[in-house]
Amino acid sequence: MKRVVLGVSGSVAAYRAADLARDLMRAGCEVRVCLTDAAQEFVRPALFEALTGQPCLIDTFEEPERGRMAHIDWARQADLLLVAPASANTLAKIAEGRGDDMLSTLALAYEGPLLIAPAMNPAMYLHPATQAHLKTLQERGAWMVEPAEGDVACGENGQGKLASNARIVEESLAALADRTRLEGKHVVITSGPTQEAIDDVRFLSNRSSGKMGAAVAQVALSLGAKVTVISGPTSVPLPRLANVVRVTSALEMRDAALTAAKDADWVIGVAAVADYRPANPVRGKMRRGEGNLQIELTPNPDIIAEVASANPQARVIAFAAEPSDDLQAAREKMRRKGVHAIAVNDVSRAEIGFESGENELTLLRADGEPSSSGRRSKLGCARWLWDALLG
Ligand SMILES: Cc1cc2nc3c(=O)[nH]c(=O)nc-3n(C[C@H](O)[C@H](O)[C@H](O)COP(=O)(O)O)c2cc1C
């Protein structure tokens, strides 16, 4: 049975949360409710305790089980955190990472899918601050059930009514089902740049930030996969629940990828691996001299091609950074590497790719028509990619 923590905040629509809790239970979920102080001006814990048969969480320091930190326990046990109705204040706190009551503290500790159903006056909903917080939450991977248009409790008209319970239940079930799409699967992702030593203090590298690899890993985790990230040197935070193997050079990345990919179901080669490395790296520090300096370069192995041939059971997807939208080179790469598909991004456009927070992918498959993600956040691209790959 899937466990839903239903966070109820201070909106008139809080009265609808009682029916929502029952609807979720009818749909096969166990429901535990967490009320903010403002929510308790509208609805009481006893109502939800009677309906759900579970204790209600209301105060960060009042724990149903003595000695257990409820905000951590509930966060770990939940399969979905649904905030419905989400007040402007509560969604701002979750977006900003504040933890000044039980619901916001629990949301901070929670690592699974988050579904937000806002309800508020239309002016509050359209306020740039509220819109910015909603955008932040969505960029971080939260699901949203948009409020409906109509007459709201305060007598005004516009977008702000809590979505119907049927829609919220439907989205909750979709978020829960999403969690099982890669259940039991091992996904190996290479990410970031590699550094190829010229001497002990200098290296050849590239502008890959590792953001795209981190996003592909985050989405794979949210779909229920076991995830290994083999990351070149980057400062991008990687998901805490991924197994992270840190490497520096292409040769190290190849060894780590071949080891991790032995039992992999999916291998996604997002890393920008240096094509060449200095043939004879110098020990210590090279000294400045007169005239030009020649550094001989030798080709690095094609990691993703080696992985594809070493583990034919795995579905292997390569990434290609191409300087134009000409897909011919990418098609050729896909054939040469023996991969199932290749995700191409056009690195000649400054607004997407490399250090940017956004990207646009074109997915070429060995067995199908190309499709495009359109321009989105890197997390949005990662979601689109997994949707496209899983069909
Ligand atoms: C009668 C009444 C109705 C309210 N309805 C809403 C609402 O629908 N949405 C909202 O964001 N705030 C609403 N508010 C304001 C919130 O309750 C207030 O901002 C509160 O601090 C939210 O706290 P919470 O986010 O911790 O629940 C309402 C306030 C009152 C007095």
>> Apply salt bridge (charged side-chain N to carboxylate O under 4.0 Å, His left out) to residues D23 and R26 and explain how you reach the verdict.
In response: CA-CA 5 Å; D23 289 345; R26 272 185 218 106; 2.7 Å; yes

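Residues L221 and M212 are members of one and the same hydrophobic cluster, defined by side-chain heavy-atom contacts under 4.5 angstrom among Ile, Leu, Val, Met, Phe, Trp and Tyr. W384 and L182 fall within the same hydrophobic cluster, defined by Ile, Leu, Val, Met, Phe, Trp and Tyr side-chain heavy atoms under 4.5 Å apart, directly or through other members. One hydrophobic cluster, built from ILVMFWY side chains closer than 4.5 Å, holds both L47 and L20. I198 and L251 fall into different hydrophobic clusters, defined by Ile, Leu, Val, Met, Phe, Trp and Tyr side-chain heavy atoms under 4.5 Å apart, directly or through other members. In this structure, I303 is a member of the same hydrophobic cluster as V245, with clusters built from ILVMFWY side-chain heavy atoms closer than 4.5 Å.
Looking at D79, its side chain does come within 3.5 Å of a backbone N or O of R3 through a donor-acceptor pair. Between the side chain of T90 and the backbone N or O of S9 there is no donor-acceptor pair closer than 3.5 Å. Counting only distance, with no hydrogens or angles, the side chain of R335 and the backbone of A330 share no donor-acceptor pair below 3.5 Å. Checked by atom type and distance alone, the side chain of T194 never pairs as donor or acceptor with a backbone atom of S249 at under 3.5 Å. The main-chain N or O of A109 is found under 3.5 Å from a side-chain atom of R76 such that the two form a donor-acceptor pair. Judged purely by atom type and a 3.5 angstrom limit, H133 has no side-chain atom pairing as donor or acceptor with the backbone of L91. Formation of a donor-acceptor pair under 3.5 Å by the R383 side chain with backbone atoms of G141 is found in this model. In terms of modelled atom types and a separation under 3.5 Å, the side chain of Y110 and the main chain of P113 share a donor-acceptor contact. A distance-only check finds a donor-acceptor pair linking the side chain of E49 to the backbone of C56 [under 3.5 Å]. Judged purely by atom type and a 3.5 angstrom limit, Y15 has no side-chain atom pairing as donor or acceptor with the backbone of F42.
Comment: R375 does not engage E360 in a salt bridge, judged by the lack of any side-chain N to carboxylate O separation of less than 4.0 angstrom. One finds a salt bridge joining D101 and K93 here, because a Lys/Arg side-chain nitrogen approaches an Asp/Glu carboxylate oxygen to under 4.0 Å. With respect to D199 and R202, a salt bridge is recorded, a charged nitrogen being found less than 4.0 Å from a carboxylate O. In summary, E358 and K378 do not engage in a salt bridge, as defined by a charged side-chain N under 4.0 Å from a carboxylate O.
Side-chain contact between S164 and R167 is present, with heavy atoms from C-beta onward closer than 4.5 Å. Put simply, the side chain of F48 does not reach to within 4.5 Å of the side chain of L57, judged on heavy atoms. Residues L81 and L106 have side chains in contact (heavy-atom distance under 4.5 Å, counting atoms from C-beta outward). Inter-residue side-chain proximity for W143 and D178 is flagged as met; some heavy-atom pair is nearer than 4.5 Å. Put simply, the side chain of E196 does not reach to within 4.5 Å of the side chain of T248, judged on heavy atoms. Contact annotation: the side chain of T130 approaches that of M120 to within less than 4.5 Å [non-hydrogen atoms, C-beta and beyond]. Using a 4.5 Å heavy-atom cutoff, the side chains of L379 and V219 are in contact. At a threshold of 4.5 Å between non-hydrogen side-chain atoms, the residues V152 and N157 do not count as touching.
Other residues, nucleotides and ligands place more than 12 heavy atoms under 6.0 Å from the CG atom of D100.
Counting all heavy atoms, side chain and backbone alike, K285 lies closest to V201 at CG-CG2, 3.7 Å. Taking all atoms of both residues into account, the shortest heavy-atom contact from L204 to P278 is CD1-CD, 4.0 Å. Heavy atoms only, all atoms of each residue included: P370 and T362 are closest at CB-CG2, 4.2 Å. Considering every non-hydrogen atom in both A261 and V267, the closest pair reads CB-CG2, 4.0 Å. Looking at every heavy atom in both residues, G210 comes nearest to S191 through O-OG, 3.5 Å. Heavy atoms only, all atoms of each residue included: Q195 and S205 are closest at CG-OG, 3.9 Å.
Under the side-chain contact (heavy atoms from CB on, under 4.5 Å) rule, I58 has a single partner from D37, L103, L35, which is L35.
D19 and N165 form no side-chain donor-acceptor contact under 3.5 Å, judged by distance and modelled atom types alone. Between the side chains of Q218 and R140, not a single donor N or O lies within less than 3.5 Å of an accepting N or O. Counted by atom type alone, E296 and T298 present zero donor-acceptor pairs between their side chains at under 3.5 Å. Defined by atom type and a distance below 3.5 Å, a donor-acceptor pair is missing between the side-chain atoms of H186 and D265.
Sequence neighbours left out, not one pair with a member in residues 220-262 passes ring-ring contact (aromatic ring centres under 6.0 Å, His included).
Cation-pi geometry between R181 and W386 is not satisfied (NZ or CZ under 6.0 Å from the ring centre, within 45° of the ring normal).
F61 belongs to no hydrophobic cluster with other residues, because no ILVMFWY side-chain heavy atom falls under 4.5 Å from its own, directly or through intermediates.
Interatomic distance, OG1 of T36 versus CD of E41, reported as 9.5 Å (0.5 Å rounding).
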